[in-house]
Amino acid sequence: MKEVGINRGFGPMGQDVNFDIGVVGGGIVGLASAYKIMLGHPGMRIAVFEKEERLATHQTGHNSGVIHSGLYYKPGSNKAKTCAKGRKELVDFAKEHKIPYEICGKIIVATDKRELEGLEKIFRNAQENEIEGVRKIGPQEIGAIEPFCTGIAGLHVPCTGIIDFTEVAVKLAELIQTAGDGNKILTSHKVIGFEKHNSHTKVLTDRTAFAAKYIINCAGLECDRIAKKDGVEPQIRIIPFRGDYYELTEQAGSKVKNLIYPVPNPDFPFLGVHFTRMIDGSVECGPNAVFSFKREGYGKIDFNLRDAWESLSFVGTWKLFFKHWKYGLGEYTRAFSKKLFLRQLQRLIPSLRADDIQPGTAGVRAQAVGLNGTPIDDFVIERRGNSIHVLNAPSPAATASLAIGDYINEIATEHFKL
Ligand SMILES: Cc1cc2nc3c(=O)[nH]c(=O)nc-3n(C[C@H](O)[C@H](O)[C@H](O)COP(=O)(O)OP(=O)(O)OC[C@H]3O[C@@H](n4cnc5c(N)ncnc54)[C@H](O)[C@@H]3O)c2cc1C
């Protein structure tokens, strides 16, 4: 991408800056925010700084590719509101820009009596969140929808879908870049610091420096560090949780038609290992949720001293470990044992065999954890001075991205007085 040095450009607001808005992070949240601000404020010069060579390299490019319905989330929460709205907008966006997607529906399956209460709670949530068409199904209908799956009760969620979120991110970048000469998508530009001035912030990258009037931090796994560089001391810490996937072999692919989910553990914001037909036709099984010693570590034994130290020196991490050591240990052992991982998958598809699955990819979630050890469930967005910091944007932030973009635009319009 073309590099731009400090110049004497004049934005629509008359400031002596390169950009009106500098967005840190070229994942789907940063790009959707930049896109919505661009639509809301035509003529504004926007830069997206991305440290990697390619956009969507981290969470956005390593997820399950599911367009979530919004039925899990606490009624009234930002997640609930933006997921349902964002899903509809995402589908319209995909249609308009010819991005392949499919609304194939999913089932959530209880395999044990102890899960029935959780299933009922999800059903009630779905009703409160007004998710279209969700209905209870019994064992026979589970078998009719997914012939290899067995369970004692379930929910059918017809409005869930699949898409490749990297394609969405790349399209957003293209639209931002082509909307005006003043907009730039600056890949291979790692933001390493900020210098505050009266009328602007100097954004220091590992290649050069730029002046931006306002900063929006959407740095995903690095968002707490970017916030600190901007003088904000967040009360949360990003704790990385790796999710490993297996893939069904081509021969076993027919055992899954669409999407099959378990009833999730209500103590965690993770959905439990599930089967996902991807938009390219392959079927992924996973992800688990394992504490990772490296923020951008996709291998099982990846380690980074700084990342590990920052996670383990945070009191909230230890409180989380002590509270949930049994769950954590289970996830850890399954991460290293194909046999145990398979056993978990067999709860949903009992006929699955070891040679039906092969190791697949992995993703790392940026999960914000509070000082008291609680994983923060909802999106967290902080405004400070000339900056907005997105400090927690876990799943379903990809589904919700366009609605999150609207929300950031609203906050920016008010907070920055655009
Ligand atoms: C395993 C897994 C499965 C998931 N499944 C789903 C799903 O099916 N559906 C769904 O809706 N959501 C899902 N999610 C959640 C979703 O992927 C994320 O919530 C979403 O992608 C977050 O987007 P983001 O832009 O905030 O973060 P990211 O995509 O991580 O983007 C942040 C970007 O900031 C860049 N960056 C960091 N530091 C700097 C710096 N100093 N300078 C410049 N750039 C920087 C990074 O390189 C990165 O590209 C899943 C997540 C994971 C990990």
Side-chain angles (χ1 to χ4, degrees), residues 22-34 47-70 72 79 82-83 86-87 90 106 160-166 168-169 172-173 186-194 203-207 216-230 238 240-245 259 261 269-271 273-274 276 278-279 284 286-290 292 295-296 298 360-368 379 381 390-405 408:
V23 176
V24 185
I28 202 162
V29 172
L31 290 163
S33 302
V48 177
F49 301 102
E50 168 53 53
K51 69 181 166 67
E52 306 291 348
E53 238 176 87
R54 286 179 303 111
L55 298 164
T57 300
H58 293 293
Q59 295 176 93
T60 303
H62 282 91
N63 63 28
S64 299
V66 175
I67 305 174
H68 285 296
S69 63
Y72 295 108
K79 267 192 183 180
T82 54
C83 185
R87 159 170 56 90
L90 179 67
K106 83 169 183 181
T160 300
I162 50 176
I163 196 163
D164 179 346
F165 286 113
T166 300
V168 179
L172 287 167
L186 297 162
T187 51
S188 302
H189 280 74
K190 179 176 180 173
V191 173
I192 53 172
F194 301 102
V203 182
L204 310 172
T205 80
D206 55 355
R207 292 175 68 165
I216 301 181
N217 164 15
C218 302
L221 284 152
E222 297 283 325
C223 67
D224 53 346
R225 289 177 178 161
I226 291 291
K228 269 192 189 166
K229 287 184 200 297
D230 195 38
I238 292 296
F241 281 91
R242 199 188 64 250
D244 306 305
Y245 292 90
L259 312 177
Y261 279 66
F270 312 131
L271 299 180
V273 294
H274 45 268
T276 312
M278 308 297 283
I279 199 73
E284 283 191 345
N288 53 4
V290 187
S292 170
R295 290 197 182 197
E296 292 168 0
Y298 299 99
T361 57
V364 183
R365 306 170 182 86
Q367 178 60 56
F379 301 138
I381 298 169
V390 178
L391 295 176
N392 195 41
S395 185
T399 303
S401 53
L402 289 166
I404 295 176
I408 302 271

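All values below come from the heavy atoms of this structure, side chains included, with hydrogens, waters and symmetry mates left out. What you are looking at is a predicted structure, and each value in this text was computed from that prediction instead of being measured. Counting starts at 1 for both ligands and their atoms, in listed order.
- The proximity of R225 to ligand 1, defined as any non-hydrogen pair under 4.0 Å, does not occur for either the backbone or the side chain.
- Residues satisfying the side chain to side chain contact (heavy atoms under 4.5 Å, CB included) criterion with S395, sequence neighbours excluded, are H68.
- With distances taken over non-hydrogen atoms, the option nearest atom 9 (N) of ligand 1 out of V48, I162, V66 is V66.
- Between atom 22 (C) of ligand 1 and the options G363, A56, A362, A393, the minimum heavy-atom separation is to A393.
- Judged purely by atom type and a 3.5 angstrom limit, R295 uses its side chain to pair as donor or acceptor with the backbone of L221.
- Heavy-atom contacts of I226 reach the following atoms of ligand 1: 41 (N) (cutoff under 4.0 Å).
- Checked against side chain to side chain donor-acceptor pair (under 3.5 Å), E222 has the following partners two or more places apart in sequence or in another chain: R225.
- Ligand 1 is approached by H189 to a heavy-atom distance shorter than 4.0 Å.
- Between Y261 and V66, the closest side-chain pair of non-hydrogen atoms falls below 4.5 Å.
- In terms of modelled atom types and a separation under 3.5 Å, the side chain of N217 and the main chain of V24 share no donor-acceptor contact.
- Within the structure, the closest approach of F241 to ligand 1 does not fall below 4.0 Å when heavy atoms are considered.
- Within the 4.0 Å heavy-atom cutoff, S64 counts among the residues contacting ligand 1.
- Here the side chain of E50 pairs a donor or acceptor atom with the backbone of E52 at under 3.5 angstrom.
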